[in-house]
Each structure stands twice: as structure tokens, then as C-alpha cells.
There are 2 protein chains.
Amino acid sequence: MDKSAAVGRELSTAVVMFHEAVGQKLGVSAGDQRALTLLRGGPLTAGALAKEIGLTPGAVTGMVDRLEGAGLVRREPDPNDRRRVLVTPTTPGHNAHSNVFTDLSAAMAAMMTRYSPAEQKIISDFVDRTVDVLKEQTAKLTVKK
Amino acid sequence: MDKSAAVGRELSTAVVMFHEAVGQKLGVSAGDQRALTLLRGGPLTAGALAKEIGLTPGAVTGMVDRLEGAGLVRREPDPNDRRRVLVTPTTPGHNAHSNVFTDLSAAMAAMMTRYSPAEQKIISDFVDRTVDVLKEQTAKLTVKK
DNA sequence: CATTTTACTTGAGTATACTAAACTATCGAG
DNA sequence: CTCGATAGTTTAGTATACTCAAGTAAAATG
């Protein structure tokens with residue numbers, strides 16, 4: 001049965017296309033979006049960001065400049081270490097990037113009302129497992145380089 | 001309830017990270033991957049590819065050069081019109097890009113065995129609807145520019 | 001304190017992928 | 001068969017985002 005494979009490809013294509021559209025709309029490159037995604041977990045120092053993304057510190061400075069210029073993040077001093085710069089996403093209310101994803105979330109939530117609580121539980125379980133599989137496969141790719 | 005939102009973001013992040021890992025592993029840029037994705041539907045002429053991706057013909061020539069160099073596509077003459085070049089993905093057996101997605105599909109299929117046929121039906125339905133939502137949101141973004 | 005290390009920025013040089021426009025080959029219409 | 005239109009390539013110029021190395025400021029070490 002190859003149906004699940006086809007469906008999976010369709011889903012991943014749709015997700016990637018959505019991200020591309022978001023990036024184009026906001027004038028933010030794919031790489032910059034990756035940084036935004038990481039920052040959704042909370043503020044990071046410029047150095048931590050560099051390590052996560054695999055760029056040199058100099059490149060990160062430029063990237064944060066761009067994101068700051070687009071109003072998507074702020075630079076804030078680290079109160080505990082004045083050498084550091086904390087890169088923090090701007091508040092959701094003023095952050096177009098978050099807003100786009102909020103729209104998506106709303107549409108998804110509306111769609112989910114079609115399902116009974118029991119069905120929603122199955123779906124949620126499935127999504128969790130899918131995320132695990134994707135992370136696993138991603139790890140396999142990055143390690144085996 | 002914001003659970004579905006968080007779950008959706010996690011899923012989209014996981015998908016995007018996977019694609020990035022694939023690209024890095026194969027030495028193929030995100031844009032080039034988009035072309036590969038389009039070509040999974042079958043061969044396209046260079047011009048059609050240009051229109052789909054929104055690039056100039058010259059840019060597509062370079063892109064196809066790269067993909068051909070990586071062994072992911074072939075240029076073939078169109079028998080009906082010798083001006084045209086059909087860009088065709090190489091056979092799955094020799095196509096590392098497809099293989100990566102095959103691995104993912106296999107893992108997904110294995111994971112799906114956890115669910116009963118009835119549950120699988122619900123999940124499949126959900127994925128279909130999710131794809132629709134994503135396409136809808138993508139369209140909204142690209143139009144409203 | 002003086003010295004070394006760490007965090008980030010700056011600036012010069014470079015690689016990549018794009019556009020625009022000229023060029024070649026082929027097709028289709030009159 | 002000739003002429004304009006179409007498909008793709010080529011070339012020159014450009015924008016972008018990167019690396020590497022030097023520079024500045026602050027913290028940690030001894």
C-alpha cells in the first residue's frame with residue numbers, strides 16, 4: 001500500500017509551500033525563518049542561535065539585523081552578562097510572522113471541530129508520532145552526512 | 001484550546017527541518033528541492049518549470065544544470081518539438097532524493113500499523129483536510145501579497 | 001589587577017543564484 | 001519559403017548571504 005506514502009508527500013509538500021509563501025510575504029528568507037522558528041521556544045543569545053543554525057557569529061549578526069529591521073525580533077541586553085545579546089521575538093500582537101501562523105492555527109482548529117473528542121485523540125496521537133518519526137529521520141540524515 | 005495550534009507548529013517545524021536536512025545531505029538548495037517536488041508528478045519542460053517556480057528561463061537552465069550534475073534529473077529531447085527540453089527525474093532506484101523520502105514513507109507506514117483500519121481512515125481523512133487547509137492558507141498569502 | 005577567554009560586531013573578500021538581454025534553433029502561419 | 005513567435009541557452013552584471021579575520025567590550029582566571 002503506497003497510499004500513505006503519497007499522502008505523506010502531499011502533506012510535506014503543502015507544509016513546505018506554506019512556509020515558502022510565508023517567507024515571501026514577509027520578505028524573510030528560509031534561513032531566517034528557521035531562526036524565527038527556533039526563537040518561538042524563547043529568547044536565545046546570538047551565539048546560541050549561531051550554534052543551532054550552524055552559522056558563524058558574523059552571519060548571525062547580519063541575520064538578526066535583517067529580522068530586527070523587519071520588526072520580527074528585538075536585541076536585548078542580557079542582564080547577567082553584558083557581552084551577550086538576547087534575541088527575542090517581538091510580541092505576538094505585533095509580529096506578522098506569528099500572526100500568519102495564528103491564522104493557520106485558527107483554520108486548523110475550525111477544521112478539527114469536525115471530529116469527535118475520541119477521534120481528535122487519535123489524530124493528536126498520530127500527529128505526535130509523526131513528529132517523532134520526522135525527528136528520527138532528520139537525525140538519521142544529519143548524522144550520516 | 002491552544003493545544004492543536006502548538007501541535008501544528010511542531011509538525012510544520014518538523015517537516016521543514018526534515019526538508020532542510022534532506023537538502024543539506026544531497027547538496028541541493030531549497031529552491032532546487034521545490035523543482036524536484038514538482039517533477040515527482042512527472043516530466044516537465046524547462047519553460048513549464050520556470051512558470052511553476054516563478055523564475056526566468058535563464059535561472060531554470062542553471063537550476064537544471066545543478067540537478068543534472070547531482071544526478072537527480074535528466075534532460076531529454078521532446079520528440080514532438082525539438083526546441084523543448086523535458087526535465088525528467090531519474091529513476092527512483094538511482095535517485096537519492098526519492099530514496100530519502102522512501103525511507104520516510106517506510107517509517108511512516110510502520111508507524112501506521114499501530115492503528116486499526118477504522119482509525120487509519122480517520123487519520124487519512126484528517127491529513128487530506130490538513131492539506132486542504134494548508135493550500136487554502138498558502139493561496140491566501142500569495143494573493144494578498 | 002593583568003591576562004586570557006568569551007561574546008558579539010565589523011569589514012573585506014567570495015560564492016551562489018538570480019535577472020536581463022542577446023543568441024541559436026525550431027516551429028507555425030501566411 | 002519566408003517571417004515572426006517560441007524554447008532554451010549563454011553571458012554579463014548584480015544582489016544576497018555567507019566565511020574569515022580583525023576589532024571592541026566584558027567577564028573569568030590566577
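Order of the sequence lines fixes the chain letters, A, B, ..., with proteins taken first and strands second; residue numbering starts at 1 for each chain.
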State, yes or no, whether a side-chain contact exists between [X] and [Y] at a heavy-atom distance under 4.5 Å.
{"X": "B:Leu44", "Y": "B:Val87", "result": "no"}
{"X": "A:Gln137", "Y": "B:Met108", "result": "no"}
{"X": "A:Asp103", "Y": "B:Lys140", "result": "yes"}

Derivation and outcome, salt bridge (Lys or Arg N to Asp or Glu O under 4.0 Å), residues A:Arg129 and A:Asp125: CA-CA 6 Å; A:Arg129 289 192 197 284; A:Asp125 184 72; 3.1 Å; yes
A:Met17 and A:Val15: same hydrophobic cluster, using ILVMFWY side-chain contacts below 4.5 Å?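 No: no chain of side-chain contacts under 4.5 Å links A:Met17 to A:Val15.
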It should be established whether B:Arg82 places a side-chain nitrogen or oxygen under 4.0 Å from OP1 or OP2 of nucleotide C:dC27.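 True: B:Arg82 side-chain N/O within range (under 4.0 Å) of C:dC27 OP1/OP2.
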d([atom1], [X]; [atom2], [N]) in whole Å:
{"X": "B:Lys51", "N": "D:dT6", "atom1": "NZ", "atom2": "P", "result": "10 Å"}
{"X": "B:Asp78", "N": "C:dT26", "atom1": "CG", "atom2": "C1'", "result": "12 Å"}
{"X": "A:Asn80", "N": "C:dA7", "atom1": "CG", "atom2": "C1'", "result": "14 Å"}
{"X": "A:Leu49", "N": "C:dA7", "atom1": "CG", "atom2": "P", "result": "14 Å"}

Taking everything shown except B:Arg75 itself, do over 12 heavy atoms lie less than 6.0 Å from its CZ?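 Above 12, so yes.
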For nucleotides 8-21 of chain D, just jot down a letter per nucleotide in 5' to 3' order: B, S or -, based on protein non-hydrogen atoms under 4.0 Å. SBB------SSB--
